Amino acid sequence: MYLLIPAAGSGRRMGSNRNKLLLPLLDRPLLAWTLLAAKQSQHIHWIGIIGQPDDWQDFKEIVTSLELTKMVHLIPGGSTRQESVYRGLQGLPAIAERVLIHDGARCLATPELFDRCSEAVMNCSGLIAAIPVKDTIKVVSPGSRLIEDTPDRSRLWAAQTPQGFGVEQLLRCHAEGVRQNWEVTDDAALFEQCGLPVQIVEGEETNLKVTTPVDLAIAEFILRQRFQTSA
Ligand code: CTP
Ligand code: MG
């Protein structure tokens, strides 16, 4: 399975002066944890890291430190996640039929989740990892801040990555997104806008996206717990 890792952001909400994926998490940079899970996945054999060229030297050092035997490629990212993924797709080898896309910032995803998604995407052309929403969600009017709606929680799922697709189809959806000026925060949204079906695969509660300093502290706590229980 081919894996693309968007890693070309700046980490603005983290409030750090560098890409948050290079911040330390326990004894290694955040991105190293993401790559470690990919390394341990049975199905992934090719990894494309989408990054800003300024970060490449650091990325190369991380890859070397992990002694990855899988093929790893660096692909230049864009100014939005959407643009970065589109470039990543264009950087895939021509023989790639299916692809998983997984945010570098979701550094707690397990190898089992990668494998579950890899297997499922062989039988469908669009899927995302997701978990049922725990909170009651309100739709709020931006100006007045009055609640407009309370959607039925049993139908709400929180989207995660990995997200898996047929490469040709996703490329077409991205091209359509550019033509129509769609701005989306995940790839499933492009698929949906094009009227294509996207399946849910059970995600993981601990598969959080490290976005703010609090997330970093939670990620550290979860990793410490994992080591304790596996020791
Ligand atoms: N990403 C990317 N290219 C961009 C922006 C984001 O590849 N131009 C990647 C990030 O590196 C991250 C993933 O997309 O792994 C999810 O994005 P997010 O959590 O929003 O990360 P940042 O954009 O770096 O953070 P912020 O929005 O707070 O600046
Ligand atoms: Mg962002």
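Bear in mind the structure is a predicted one, so any value in this text is a computation, not a measurement. Keep in mind that the numbers below use all heavy atoms, side chains included, and drop hydrogens, waters and symmetry copies. Both counts, for ligands and for their atoms, begin at 1 and track the order of listing.
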field: For ligand 1, the portion of Lys209 having any non-hydrogen atom under 4.0 Å away
entry: side chain
query: For ligand 1, which atoms have a heavy atom of Gly78 less than 4.0 angstrom away?
result: 8 (N)
- line: The answer for which part of Ala8 has a heavy atom under 4.0 Å from ligand 1 is both
message: Between Glu168 and Arg172 (salt bridge meaning N to carboxylate O under 4.0 Å), is one present in this structure?
response: yes
query: Met14 to ligand 1: N or O pair under 3.5 Å?
result: no
query: Who's the nearest protein heavy-atom neighbour of atom 23 (O) of ligand 1, and how far?
result: Gly9 CA, 4.0 Å
Cluster check Leu100, Leu31: I/L/V/M/F/W/Y, side chain < 4.5 angstrom: yes
query: Is there a donor in the side chain of Thr212 and an acceptor in the side chain of Asp215, or the other way round, less than 3.5 Å apart?
result: yes
- line: Atoms of ligand 1 under 4.0 Å from any heavy atom of Ser84, numbered from 1 in the order shown, are 2 (C), 3 (N), 4 (C), 7 (O), 8 (N)
- request: Please say whether more than 12 non-hydrogen atoms of neighbouring residues, nucleotides or ligands are located less than 6.0 Å from CD in Glu61.
  value: yes
statement: So for Arg106 against ligand 1, with non-hydrogen atoms under 4.0 Å, the contacting part is neither
field: Element-labelled atoms of ligand 1 that are located less than 4.0 Å from some non-hydrogen atom of Ala105
entry: 15 (O)
query: What residue among His73, Lys70, Met1 forms side chain to side chain contact (heavy atoms under 4.5 Å, CB included) with Trp46?
result: His73
query: atom 12 (C) of ligand 1: which protein heavy atom is closest, and how many Å away?
result: Pro6 O, 3.8 Å
task: Report the nearest protein non-hydrogen atom to atom 20 (O) of ligand 1: residue, atom name, distance rounded to 0.1 Å.
output: Arg13 NH2, 2.9 Å
statement: Looking only at protein heavy atoms, what sits closest to atom 26 (P) of ligand 1 is Arg12 N, 3.5 Å
- prompt: Do Gln163 and Asp186 get their side chains close enough for a donor-acceptor pair, meaning under 3.5 Å?
  reply: yes
task: Can you pull out the closest protein heavy atom to atom 24 (O) of ligand 1? Residue, atom name and distance to 0.1 Å, please.
output: Gly11 N, 2.8 Å
message: Count I, L, V, M, F, W, Y as connected when their side-chain heavy atoms are under 4.5 Å apart, and connections chain through other members. Are Val178 and Leu4 then in the same cluster?
response: yes
query: Mind checking whether Gln52 has an N or O less than 3.5 Å away from an N or O of ligand 1?
result: no
message: Test your reading of the model: is there a side-chain donor-acceptor pair from Asp103 to the backbone of Ala105, 3.5 Å cut-off?
response: no
His102 and Phe114 aromatic ring geometry - parallel, tilted or perpendicular at 30°/60° bounds: perpendicular
